Each structure stands twice: as C-alpha cells, then as structure tokens.
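Below is one structure, written out as structure tokens; comments come after it.
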There are 2 protein chains.
Amino acid sequence: MSAFPPPLAEQPQPPFDEPQLLQLGAPEDEPCLRADAARNRARLLEAAARLVAEHGAAGVTMEAVAVAANVGKGTVFRRFGDRTGLLTALLDHSERKFQAAFLSGPPPLGPGAPPVERLRAVGYALLRRSVDELDLQLAAEPSPERRFSVPARRLLRGHLALLLRQAVPDADSELLSHTLMGYLSPVLIHHLTRQCGLPLERLEAGWDDLVDRVTG
Amino acid sequence: MSAFPPPLAEQPQPPFDEPQLLQLGAPEDEPCLRADAARNRARLLEAAARLVAEHGAAGVTMEAVAVAANVGKGTVFRRFGDRTGLLTALLDHSERKFQAAFLSGPPPLGPGAPPVERLRAVGYALLRRSVDELDLQLAAEPSPERRFSVPARRLLRGHLALLLRQAVPDADSELLSHTLMGYLSPVLIHHLTRQCGLPLERLEAGWDDLVDRVTG
DNA sequence: TAACGAACCGGACCGAGGTCCGTTTAATGT
DNA sequence: ACATTAAACGGACCTCGGTCCGGTTCGTTA
C-alpha cells in the first residue's frame, strides 16, 4: 500500500459527530509531481478515458490501461492506488465542479438560499449529474468498507448534515444525512432508472417529497 | 452461468411498481437434490461455517472451503453460484426466521398491528439481527448490480412498501421504501456502529424518528 | 440387473486486481 | 559537470474468483 496523492477533498477522518468544516482539496492536481510521474499520470488518464469511451467503463482493465498508455502496470497502481482510484480520478473534474457549485456557487445551490431550498437543489443537481456519468460512477463504486471514507462523499454528506442542522435543528442530522445520501447513491439511481425504467422526473419528485417529509 | 437452486424467496422479477404479492420460498431447502449433491452441499456449508468461525468471513476463500469440505472447487460454484451465494446460504436460516416473523409472526412485527408500528418493529428487528451477523452480512454483500435483485431484499422492500402504502396512501411508497432500505442496509449499519462507534440505541432512535417523519 | 442419460464431480485453467523488488531517472546539492 | 538519493518505473509474480470439460455417479427404466 502506498502514499499516493489525495484525490478529491480532505483526507483525515474527523470523528463522526464533529462539525466538520467544509473545504475542497488542492486547487489543482497533485501538489508537486516529478516530471515523468506527471507525464505518465496524464497518459494514463487519457488512455483510461479513451478505453472507457470505446469499451465502456466495465470493460476497462488495469493492464489494458497500462498498455494503452505505454506504461508499466505497477505505475498505474502506484499513481492511483487501485482501480477505484483510477476511475474516481476520471470523475474528478465533474466532481470538483459540483463541489464548487454547492459550496460557493450561486443560489439556490450555493449559499444564500434557505437550507431547505438548497437541499432540494443539491438533490436535483446530483440526480442530473448522475444520470450522465452513471456508468463511470458505478464502475468507480468503492468496496463497501471504504464507501463512507471516500472524500467526495464525506464532503457531500457533511454538507447535507449542515443544511439539515439549519433546517431542522432538533433532529439527528448525522443520521438523516445518511438517509438522504442513500437516496442519492449512484447504485440506487442506476437501479431505478436503468433497471426499473423510472423517469428522472419521478426521482426528482421523490426527492422533493423526501426533503419535505424529513424537514417538515 | 448456471441454474443453481433459488436460495431465499421468490425468483422472477415482477415489474417495478406491481403490488407484488409476498411469499416465502420453498419451506425447506432445495426441492429434490441428488444424494451426493445434498451430501456435498451439507459438507460445504459446514466447512464454510467453520472457516468463518475460525478466520472471519473476510478470510474465507472458495478454494479453502472446497478443500475443507473434501470437494472440488467446481462443486462449490455449481452449488452456490458464486461466493456471495455461499455466504448468503449461510445466512439462510436466520433470514427465513426473520421473514416468517414479519410475514406471519405475532404483532407488532407480524400482521395485526397498525402499519406504522409494524414499520418501527421491522426496523428494530433488522437492526438487532444485523449487529449480530454483521461480518457475514458484509461479506455476503452482493455486487452493486445485483444488490436489488437479491430475493431476500426484494421481499423486505416489498414489505416496507406495503406497510408504507397502508400508512401513507398518498405517497410514493416504492421510492420511500428504498429510502428506508438504505437506512437499514448492512453497510451503513456497519459504518455507523463499528467505524463511528454509535450505540445501537441511537440507530434505533434514528429509525423511530425517520419513520415518524416519513409517515407523519 | 443391465443399461442409459442426466446430473454431478473435480481440478486444470483463465483473467484481472494487486504486490514486490531490482533497476532507472529526475531533482538537488557541491 | 558530477555525485547522491529519493522517487518513479516496470513487469514478473501471486491470489482468488470464476469457467470448462472429460470423466464419474446416481436414479430410473426395461
């Protein structure tokens, strides 16, 4: 196991119930990366993206990516830790945009709107984003043990908890935020839209309703 | 892929929004199994259980089980389909007891109590059961694509949807039931209790609160 | 009881994720 | 320019889940 660079948001795991200040990760990619490392990283991401476009996210093997990038297999793992890390890196751009939007973008997603409206907005935004990148998000799904340690998800959950705390101060926001996260999880969205054929509108209505009930 | 016997509850996938009549699977195990097959099945389950007890669920490999049962590796897969199937079979007994309890047991879990109370009860029961078998349940976690097709979960979700329909007829019970399922999912329970150290009481209180909000 | 076919058995085999470690190379200091 | 060293490289190697298929066994029918 290795000390490969932190991908998305913050790294250390604050104790569960802590207020947990929200902050993005480094503004750019890896802080300082050796020239060859940076070059290979770029090559790998490009190769991976191409393979995803060609064969779908599911059919992308680590070895194939390595070969396509003219790089050793070990290098892939050194850089991205594991398969999930590589796929996650592919989603990094979109993820950062999303984070910026709900952390400091214009209302109702960003600060300025009342918390309940922000809750609605963040659900909509996530649903929209997910239906686009569903394949990749699904393939990037981390193993059950790490699912809740993924920085991006910790950040989002913290955000939901914050909004909930503002909207319903007398509730257990931590637990409720987990409930809301469940509704927005890529696997569920995939199941409902792709496997069950529900239209996006119904999921959005469901989110509205859920937010109403939870904050009501 | 194979036609290995249906493990827990019903098999065919009814269209999403259907009323979905609830029914258990066969009262006993596989309907009719050849003598040697039944013998090997028993051996395998026994061996698997022993290995779980010794090395924990995570450290149980299919080959090890096969060896411990004096059986070929292919036989394990023929019988149980895949690793998840084997682990799931280990949970079968407990699962059936749970199903029987909420389908036809005494109130408030079984029929007879008002739906909201039954909702509360099923949550309590599941939380209790999960904290016991957490390791196994975690190891038996199916791959994301199949998570919602697992018969036992389909059955439970259908049950929740039914109770919700009775308790809040004007809501989208299907969607809400998924939300409730999320709160009760083994991975979340594991994360909250084991990784975050929340006491079971808090999870129970959270379930109470969630049911109130959702049905309120 | 002999014969037959379906179901079952077993272990060689494969693919893919992940690790290891000897070698190479980029940055830094002299 | 050269030495030094930490970092990066690469591919052989390992593990483990899952498949395949030739041989075997059970249960049935004649």
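Being a predicted model, the structure only gives us computed values, none of them experimental. Residue numbering restarts at 1 for every chain, and letters A, B, ... go by the order of the sequence lines.
Note on A:R79: a side-chain N or O is less than 4.0 Å away from OP1 or OP2 of D:dC9. Contact annotation: B:N40 side-chain N/O to C:dC8 OP1/OP2 distance is not under 4.0 Å. Side-chain N/O atoms of A:R39 include none lying less than 4.0 angstrom from OP1 or OP2 on D:dA8.
One interatomic measurement links the two molecules: CE of B:M62 to P of C:dG11, which rounds to 16 Å at whole-angstrom precision. Rounded to an integer number of Å, the gap from B:R41 CZ to C:dA7 C1' is 16 Å. In this entry the distance linking CZ of B:F80 with P of C:dG10 reads 14 Å, nearest Å. What separates CG of B:L44 from C1' of C:dG10 is a distance of 12 Å, to the nearest Å. The nearest whole Å value for the distance from the CG atom in B:N70 to the C1' atom in C:dC9 is 13 Å.
Listed by chain and number, the residues in a side chain to side chain donor-acceptor pair (under 3.5 Å) with B:R128 are B:E204 (sequence neighbours excluded). The salt bridge (charged side-chain N to carboxylate O under 4.0 Å, His left out) test applied to B:E133 returns B:R129, not counting sequence neighbours. Residues passing the side chain to side chain donor-acceptor pair (under 3.5 Å) test with A:S177 are A:R157, sequence neighbours excluded. Every side chain to side chain contact (heavy atoms under 4.5 Å, CB included) that B:P115 has, sequence neighbours left out, goes to B:L163, B:Q166, B:A167.
Ionic pairing of A:R153 and A:E141 is present here: one or more N-O contacts between side-chain nitrogen and carboxylate oxygen are shorter than 4.0 angstrom.
Distance from the side chain of B:K73 is smallest to C:dA12 among C:dA12, D:dG11, D:dC9. Distances from the side chain of A:V71 to the nucleotides D:dA8, D:dG10, D:dG17 place D:dG10 closest.
Sorted pairs that involve residues 179-189 of chain B and meet salt bridge (charged side-chain N to carboxylate O under 4.0 Å, His left out), not counting sequence neighbours, are lacking altogether.
Each of A:G74 and A:T61 was matched to the nucleotide of DNA chain C holding its nearest heavy atom; the match closer to the 5' end belongs to A:T61. Projected onto DNA chain D by closest heavy-atom contact, B:E63 and A:T75 fall at different nucleotides, the more 5' of which corresponds to A:T75.
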Please list each protein N or O that sits under 3.5 Å from an N or O in nucleotides 27-30 of chain D, with the distance.
| from | atom 1 | to | atom 2 | distance (Å) |
| --- | --- | --- | --- | --- |
| D:dG27 | OP1 | B:A35 | N | 3.1 |

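Checked by atom type and distance alone, the side chain of A:R83 pairs as donor or acceptor with a backbone atom of A:V60 at under 3.5 Å.
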